[in-house]
Number of protein chains: 2
Amino acid sequence: MLSSTEHLEVRPITRLFRALGDETRMRIVALLAHGELCVCHLESALDLGQSTASRHLGILKAAGVVDSRRDGTWVYYRLVEQEHETTAQALGVLTAAFGAERALKSDHAKLRKACGPNPCK
Amino acid sequence: MLSSTEHLEVRPITRLFRALGDETRMRIVALLAHGELCVCHLESALDLGQSTASRHLGILKAAGVVDSRRDGTWVYYRLVEQEHETTAQALGVLTAAFGAERALKSDHAKLRKACGPNPCK
DNA sequence: CGCATACATCTGTATATCGTGATACACGGG
DNA sequence: CCCGTGTATCACGATATACAGATGTATGCG
């Protein structure tokens with residue numbers, strides 16, 4: 001094994017790519033590209049079971065792609081700024097592409113309105 | 001499920017990310033960022049078993065990340081230009097990052113010399 | 001408190017993926 | 001035409017990941 005490839009730090013990059021190598025998680029990122037959402041938003045938007053949604057969010061969080069904050073009953077998830085340069089650029093490509101999707105943006109707005117006084121479903 | 005996320009075509013993007021969500025395959029892409037290499041090059045550079053190398057290359061090929069050409073006994077692999085815009089940008093981030101790695105470049109040159117008159121190991 | 005809602009985690013099961021060794025195929029040279 | 005080398009594929013066991021259902025935890029409210 002040659003030295004460069006041995007020392008080349010591909011782990012953080014691979015970690016991001018592995019986390020996003022799933023359609024459900026990619027869709028989650030697509031929605032979060034427009035701003036934070038709570039779990040129930042994502043459940044209904046992507047037609048996910050509650051446990052499935054939570055698990056995928058846990059995977060994204062473990063990979064450092066998203067972070068969460070609790071607001072009363074709800075837990076909001078958002079994309080995380082990446083420290084690693086290449087990782088930041090790769091995720092930036094996605095957020096730029098998804099951010100330009102107007103249909104996504106309007107759905108995101110609808111979802112945001114669904115929480116608050118009205119419960120998520 | 002909302003309309004936008006249902007129709008949003010994340011599959012080609014996810015396919016790329018899944019293919020690269022593995023350290024071995026990410027290292028292969030890192031080496032190929034400097035130009036084509038044959039399987040035996042990659043085996044020795046990454047210390048892979050023959051069958052392991054072939055399988056990972058097959059996965060990358062199925063995902064449309066690499067393509068191959070046969071030259072006599074050897075099969076050379078190279079990165080493929082991506083049609084899909086976001087996919088091209090994401091892969092472009094990687095090739096730019098890996099392309100800037102000077103140690104990688106020198107190892108790549110060494111590998112290239114190893115084939116031809118001299119066998120790969 | 002007790003209860004409802006939102007979320008996380010556990011459990012079991014099915015499927016996918018990884019690595020390795022054995023085998024099959026392709027090509028070039030004697 | 002056989003044989004060696006390089007590559008692909010198959011077969012196997014080990015591990016990882018997927019989803020759904022059940023249970024556990026946290027928060028807010030009457």
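Chain A is the first sequence line, chain B the second, and so forth, proteins listed ahead of strands; every chain is numbered from 1. Everything quoted here is computed from the prediction, not taken from an experiment.
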Rounded to the nearest angstrom, tell me the gap between atom OH in Tyr76(A) and atom P in dA26(D).
20 Å

Distance test, side-chain N/O of Arg25(A) to OP1/OP2 of dA18(D), below 4.0 Å
yes

Between the side chain of His41(B) and the main-chain N/O of Cys38(B), is any donor-acceptor distance below 3.5 Å?
yes

Protein-nucleotide distance (Leu48(B), atom CG; dG19(C), atom P), rounded to Å
8 Å

Indicate, with yes or no, if Val66(A) and Phe98(A) share a hydrophobic cluster defined by side-chain heavy-atom contacts under 4.5 Å among Ile, Leu, Val, Met, Phe, Trp and Tyr.
yes

What is the separation between atom CD on Glu23(A) and atom C1' on dC19(D), rounded to the nearest whole Å?
15 Å

Taking only side-chain nitrogens and oxygens of Ser54(A), does any of them come within less than 4.0 Å of OP1 or OP2 of dA8(C)?
yes

Under 4.0 angstrom, heavy atoms only, what part of the nucleic acid is Leu57(B) near: base, sugar-phosphate, or nothing?
nothing

Between Lys105(B) and Asp107(B), is there a side-chain heavy-atom distance shorter than 4.5 Å?
no

Measure CH2/Trp74(A) against C1'/dA4(C) and give the value in whole Å, please.
13 Å

Which atom pair, heavy atoms only, marks the closest approach of Tyr77(B) to Leu32(B)?
O-CD2, 3.4 Å

Strictly below 4.0 Å: does Thr52(B) bring a side-chain N or O up to OP1 or OP2 of dG19(C)?
no

Closest non-hydrogen atom pair between Arg18(A) and Gly21(B), with its separation
NE-O, 2.9 Å

With under 30° as parallel and over 60° as perpendicular, where do the rings of Phe17(B) and Phe17(A) fit, or are they tilted in between?
parallel

Would you kindly check whether a donor in the side chain of Gln50(B) faces an acceptor in the base of dA8(D), or vice versa, at under 3.5 angstrom?
yes

How close or far is atom C1' of dA8(D) from atom NZ of Lys61(B), stated in whole angstroms?
10 Å

Choose from dT7(D), dA18(D), dA8(C) the nucleotide whose nearest atom is closest to any side-chain atom of Asp22(A).
dA18(D)

Side-chain contact check for Ile59(A): nearest option of dA18(D), dG6(D), dC7(C) is dA18(D)

Both Arg18(A) and Ser68(A) contact DNA chain C. Which one's nearest nucleotide lies toward the 5' end?
Ser68(A)

Report yes if a side-chain nitrogen or oxygen of Tyr77(B) is closer than 4.0 Å to either non-bridging phosphate oxygen (OP1 or OP2) of dA8(D); otherwise report no.
yes

Quick one: which of dA18(D), dA8(D), dC7(C) gets closest to the side chain of His56(A)?
dA18(D)

Quick check on dA26(D): is either OP1 or OP2 less than 4.0 Å from any side-chain nitrogen or oxygen of Thr73(A)?
no

Round to the nearest Å and state the distance from Glu43(B) atom CD to dG21(C) atom P.
13 Å

Taking donor-acceptor contacts at under 3.5 Å, does the side chain of Ser51(A) reach the base of dG21(D)?
yes

Interatomic distance where CD1 belongs to Ile28(A) and C1' belongs to dA18(D) [whole Å]
14 Å

Please state how far atom CG in Asp67(B) lies from atom P in dA8(D), giving the value in whole angstrom units.
12 Å

Report yes if a side-chain nitrogen or oxygen of Arg55(A) is closer than 4.0 Å to either non-bridging phosphate oxygen (OP1 or OP2) of dC19(D); otherwise report no.
yes

Under 4.0 Å, counting only non-hydrogen atoms across every strand here, what does Gly49(B) touch: a base, just sugar-phosphate, or nothing?
nothing

